[in-house]
K.L.:
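Below you will find the structure I want to go over with you.
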Amino acid sequence: IFVNFSKISYALFSVALLGIVFLLFFKGMTILMALGFPAFEIDLNQVFKATILITLALAIFDLVKTIFQEEVLGKHEKHESLQNRTMARFLGSIIIALAIEGLMLVFKFALTDPTKLIYSIYIIGAVGILLISLAFYVKWTKEERH
């Protein structure tokens, strides 16, 4: 009974998160379309805002896909692949999203207010810490299985 309850719960959470993905993606695309074509005067803040929303939607979508495949459909791989562990994939998605955000902030602050570049460095530093943490996690879980 608990296994079925867990599968149903994960499926419901996946559907709810997928709804959030669609909302974020739609809002990001709406912002981009509002800029108009051809865009003679581009509002960089709106472009960055749309990119953040779409990147976040992609990261959450990857999480939904992983949760649904592994927890609802039960497609667990038996070999020790990094891509088949929910936590590692989730952290990977967050690392990618934060790296893109840090890169965008570098460009944004370089163009608008160079005194705020330190905030970009903080995010890039956080990405580095997450990468190191993920490497330790993968190494630690690999050693536990042997």
Side-chain angles (χ1 to χ4, degrees), residues 3-142:
V3 171
N4 290 334
F5 176 75
S6 291
K7 285 186 178 188
I8 291 170
S9 296
Y10 277 116
L12 290 174
F13 280 112
S14 294
V15 169
L17 285 171
L18 193 59
I20 293 170
V21 166
F22 288 134
L23 288 173
L24 290 170
F25 181 76
F26 179 75
K27 181 64 177 175
M29 292 305 293
T30 302
I31 291 170
L32 285 178
M33 295 301 135
L35 293 174
F37 294 101
F40 294 110
E41 289 187 30
I42 296 177
D43 183 4
L44 287 179
N45 286 330
Q46 293 299 321
V47 172
F48 288 129
K49 189 177 194 180
T51 306
I52 290 167
L53 292 174
I54 293 170
T55 304
L56 183 58
L58 179 62
I60 295 172
F61 179 78
D62 189 50
L63 173 65
V64 169
K65 183 184 79 158
T66 302
I67 289 173
F68 197 79
Q69 284 178 340
E70 293 187 5
E71 302 298 337
V72 178
L73 299 177
K75 291 186 178 180
H76 299 285
E77 294 290 327
K78 298 299 179 196
H79 57 86
E80 297 178 350
S81 173
L82 172 67
Q83 294 179 0
N84 295 314
R85 290 194 212 135
T86 305
M87 179 60 79
R89 293 213 42 188
F90 178 66
L91 281 175
S93 296
I94 290 177
I95 289 168
I96 291 168
L98 281 176
I100 291 170
E101 175 70 18
L103 183 61
M104 285 182 10
L105 284 178
V106 167
F107 294 133
K108 178 181 179 180
F109 292 144
L111 294 172
T112 60
D113 188 4
T115 61
K116 293 183 179 179
L117 277 171
I118 190 71
Y119 299 116
S120 304
I121 294 169
Y122 292 152
I123 290 178
I124 293 168
V127 168
I129 291 169
L130 281 172
L131 276 171
I132 293 168
S133 300
L134 181 59
F136 279 117
Y137 172 77
V138 170
K139 182 172 175 40
W140 179 68
T141 56
K142 186 175 183 180

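These figures come from a predicted structure and were not determined experimentally.
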K.L.:
What distance do Tyr10 atom OH and Gln69 atom CD have between them, rounded to the nearest 0.5 Å?
P.N.:
15.0 Å
K.L.:
From Leu24 CG over to Ile52 CD1, what is the distance, rounded to the nearest 0.5 angstrom?
P.N.:
11.5 Å
K.L.:
Of the non-hydrogen atoms in Ala59 and Ala97, which two are nearest, and what is the gap between them?
P.N.:
CB-CB, 4.2 Å
K.L.:
Which heavy atom of Gly28 sits nearest to which heavy atom of Ala50, and what is that distance?
P.N.:
O-CB, 3.4 Å
K.L.:
So does Phe109 have more than 12 non-hydrogen atoms from other groups sitting under 6.0 Å from CZ?
P.N.:
yes
K.L.:
So do Leu56 and Ile60 actually touch side chain to side chain, heavy atoms under 4.5 Å?
P.N.:
yes
K.L.:
Which heavy atom of Leu18 sits nearest to which heavy atom of Phe61, and what is that distance?
P.N.:
CD1-CD1, 3.8 Å
K.L.:
Report the C-alpha separation of Leu32 and Leu35 in whole Å, then their side-chain angles, then the decisive distance to 0.1 Å, and conclude whether the side-chain contact (heavy atoms from CB on, under 4.5 Å) test is met.
P.N.:
CA-CA 5 Å; Leu32 285 178; Leu35 293 174; 4.2 Å; yes
K.L.:
Walk me through it: do Phe5 and Ser9 pass the test side-chain contact (heavy atoms from CB on, under 4.5 Å)?
P.N.:
CA-CA 6 Å; Phe5 176 75; Ser9 296; 3.6 Å; yes
K.L.:
In Å and rounded to the nearest 0.5 Å, what is the CG to CD1 distance from Leu105 to Ile123?
P.N.:
4.5 Å
K.L.:
Hey, does Leu53 have a side-chain heavy atom less than 4.5 Å from the side chain of Phe25?
P.N.:
no
K.L.:
How many angstroms lie between CG in Leu17 and CG in Leu12, if you round to the nearest 0.5 Å?
P.N.:
11.0 Å
K.L.:
Holding to side-chain hydrogen bond (donor to acceptor under 3.5 Å, both in side chains), I want the full list of residues that pass it with Asn4, two or more places apart in sequence or in another chain.
P.N.:
none
K.L.:
Just jot down the side-chain contact (heavy atoms from CB on, under 4.5 Å) partners of Phe26, sequence neighbours excluded, or say none.
P.N.:
Thr30
K.L.:
Under 4.5 Å between any side-chain heavy atoms of Val127 and Leu131, yes or no?
P.N.:
yes
K.L.:
Might you confirm whether atom CZ of Phe13 has over 12 heavy atoms from other residues, nucleotides or ligands at distances under 6.0 Å?
P.N.:
no
K.L.:
Working to the nearest 0.5 angstrom, can you tell me the gap between Leu58 CG and Asp62 CG?
P.N.:
7.0 Å
K.L.:
To check you understand the geometry: which heavy-atom pair defines the closest contact between Ser14 and Ile67, and what is its length?
P.N.:
OG-CG2, 3.6 Å
K.L.:
Applying side-chain contact (heavy atoms from CB on, under 4.5 Å), can you list everything that pairs with Thr51, at least two apart in sequence or on another chain?
P.N.:
Val47, Thr55, Met104
K.L.:
For Ile100 and Ile96, run side-chain contact (heavy atoms from CB on, under 4.5 Å): C-alpha distance rounded to whole Å, both residues' side-chain angles, the deciding distance at 0.1 Å, then the answer.
P.N.:
CA-CA 6 Å; Ile100 291 170; Ile96 291 168; 3.9 Å; yes
